[in-house]
Amino acid sequence: MPPTIVVALTSFFALLGAVYVGWWQPIFTKLGDGREVRPVGNTGDCTTEPALKACEKIVLHQPSGSLYLACSTPESRTHWTPAVGRLNSTGMSTTDYVAVYDPDTSKITRLNVVGFTSERGLSLHGMDVVPSSSDPKKLFVYLVNHRAPLTGVSEKVGADSSVEIFSTVLGSSTMTHVKTVEDPAIITPNDVVGYPDGKRFYFTNDHGAKTGILRDVEILGLKRTSVGYCDTDSGCTIVRSSMHANNGIAGARNNDTLYVANSIAGGITVLETQADHSVVLADFIPTEYPIDNVSVDEAGHVWAAAFPKALTTALVHFSFPSSPAPSAAYRVSLNTGTNAFYGEKYKVDRVFEDDGSLASGITSVVHDSQRHRLFLSGLASPSLVICKL
Ligand SMILES: *[C@@H]1O[C@H](CO)[C@@H](O)[C@H](O)[C@H]1NC(C)=O
Ligand SMILES: *[C@@H]1O[C@H](CO)[C@@H](O)[C@H](O)[C@H]1NC(C)=O
Ligand SMILES: CC(=O)N[C@H]1CO[C@H](CO)[C@@H](O)[C@@H]1O
């Protein structure tokens, strides 16, 4: 072999090695390659509710202790989950539903939909449930709806996603459609934070585009995801772009803070909303594991579903929901300890971790700080999990 080729090949493989070690390996490590599951909080008083499967998002109604859940079927999720590039609309469920779960009685109520005439049905994902500012018994339900496209092949054009606003009353068995919000700024919606007026919300786009090659390499660090704001009277705008791997979004009630989860590199971006609905970057809270959906409890703690082994969750569990994926939950609180002086503003505690035999493929965790209950649920999970803390 002529020396120049040897040199060229050697350099090529050296470069490949360097790229692997310098770039890929940290990503794989972050995504759980070689990581051991370190169980915590999973041996106590936990129960499962297998009637509530594949409930991607759970929202606590704090005054009553009831849980609202956006549910589907594990089977449908394997075909149709636009957030993770599953775009076989032939296999999608159009009968996803919002359920209300009363942890005291274990009663499950599936909300019947009233006044929603679209033949394209509901294919649920992110959700928020917000008591109305004028009547606390009235609740607004904001739902991400991943509709199949009206024209074109779903694998090529992606989902035609909208946000649906419904209203319901605490204890009711129905929810009434208020409005469908569709807008060019709603590209790949993941999660929503609604206002108590039933008209306005913030949302995350979890990718930069519905389909395409760039979308597939966003995992390497491309900053193409965003946060948007919609007002049903005046439309939607992107209020922060060039973010990496946005996923769940949560707001503290009566507070201007928004928390956005990074599902690849981990960490929570803290944004402050302004009077004109723009947002400014306030902080970034790093976490060891990639995290998913975030929620804020009554005590102001931020709870995040985390993936000890994101590769198992994404590659195995989302394809074969019956095979378990390890799950974890983080609690983030303001650091009041002495090291707060040295710049550690937040304390991140790993409160729950399980190898998947109790809590599998968890993507959403919610804490009832009054009743000391932790709820865990997942995109394709076999059941809701409830633990006493
Ligand atoms: C899409 O879903 C349908 C219905 O479940 C299924 O029959 C078909 O095999 C799926 N296509 C692919 C490519 O997985
Ligand atoms: C909102 O709540 C968070 C956490 O509880 C706190 O850190 C932040 O300062 C609050 N912001 C405002 C504007 O009250
Ligand atoms: C709102 C919501 O539930 N968002 C994310 C939760 O976790 C799954 C798994 O990664 C994501 O696909 C969702 O987008």
Side-chain angles (χ1 to χ4, degrees), residues 31-32 50-57 69-99 108 110-113 116-127 143-164 180 182 186-191 205-219 245 247 263-264 292 307 309-325 356 360-364 377-384:
L31 295 178
L52 292 167
K53 293 182 199 304
C55 304
E56 160 79 304
K57 184 72 195 276
L69 307 95
C71 308
S72 182
T73 61
E75 165 69 7
S76 165
R77 299 287 196 201
T78 65
H79 296 297
W80 183 252
T81 304
V84 290
R86 292 177 189 270
L87 293 170
N88 174 11
S89 61
T90 322
M92 84 189 261
S93 145
T94 53
T95 53
D96 288 4
Y97 59 95
V98 174
I108 298 167
R110 283 193 189 204
L111 297 186
N112 288 318
V113 168
F116 183 59
T117 48
S118 168
E119 281 165 16
R120 302 165 74 187
L122 289 174
S123 174
L124 300 185
H125 188 186
M127 168 178 74
L143 295 165
V144 169
N145 186 15
H146 291 306
R147 305 177 300 188
L150 281 174
T151 54
V153 180
S154 62
E155 282 87 347
K156 293 229 168 65
V157 299
D160 179 21
S161 306
S162 61
V163 172
E164 310 290 345
T180 297
E182 25 190 17
I186 302 178
I187 308 160
T188 53
N190 184 298
D191 199 8
N205 280 311
D206 58 26
H207 287 84
K210 291 177 190 290
T211 53
I213 181 80
L214 275 181
R215 177 187 154 111
D216 298 329
V217 294
E218 284 175 10
I219 184 171
N247 205 271
S263 60
I264 306 287
D292 215 306
F307 301 135
K309 290 186 162 291
L311 291 172
T312 309
T313 309
L315 302 179
V316 185
H317 174 74
F318 288 169
S319 300
F320 308 100
S322 55
S323 75
S360 174
I362 296 306
T363 61
S364 191
S377 182
L379 173 81
S381 65
S383 64
L384 171 72

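Source: prediction; values computed, not measured. Just so you know, ligand 1 is whichever comes first in the structure, and atom 1 is the first atom listed for that ligand. Only heavy atoms go into these numbers, but all of them, side chains included; no hydrogens, no water, no symmetry mates.
Close approach of ligand 1 to Gly91 (heavy-atom distance below 4.0 Å) involves ligand atoms 2 (O), 4 (C), 5 (O).
The option from Asn88, Thr78, Leu87 that lies nearest to atom 14 (O) of ligand 1, judged by heavy atoms, is Asn88.
Given atom 5 (O) of ligand 1, the protein heavy atom at minimum distance is His79 NE2, 3.4 Å.
Of all the heavy atoms in Glu155 and Asn88, the pair that sits closest is OE2-CA, 3.6 Å.
Distance screen at 4.0 Å: atom 9 (O) of ligand 1 has no protein heavy-atom neighbour inside the cut-off.
In this structure, the separation between CD1 on Ile108 and CG on Leu69 is 8.5 Å, given to the nearest 0.5 Å. Here the CD atom belonging to Glu56 is positioned 8.0 Å from the CG atom belonging to Asp191, to the nearest 0.5 angstrom. Atom-to-atom distance recorded for Thr73:OG1 and Lys53:NZ is 10.5 Å, nearest 0.5 angstrom.
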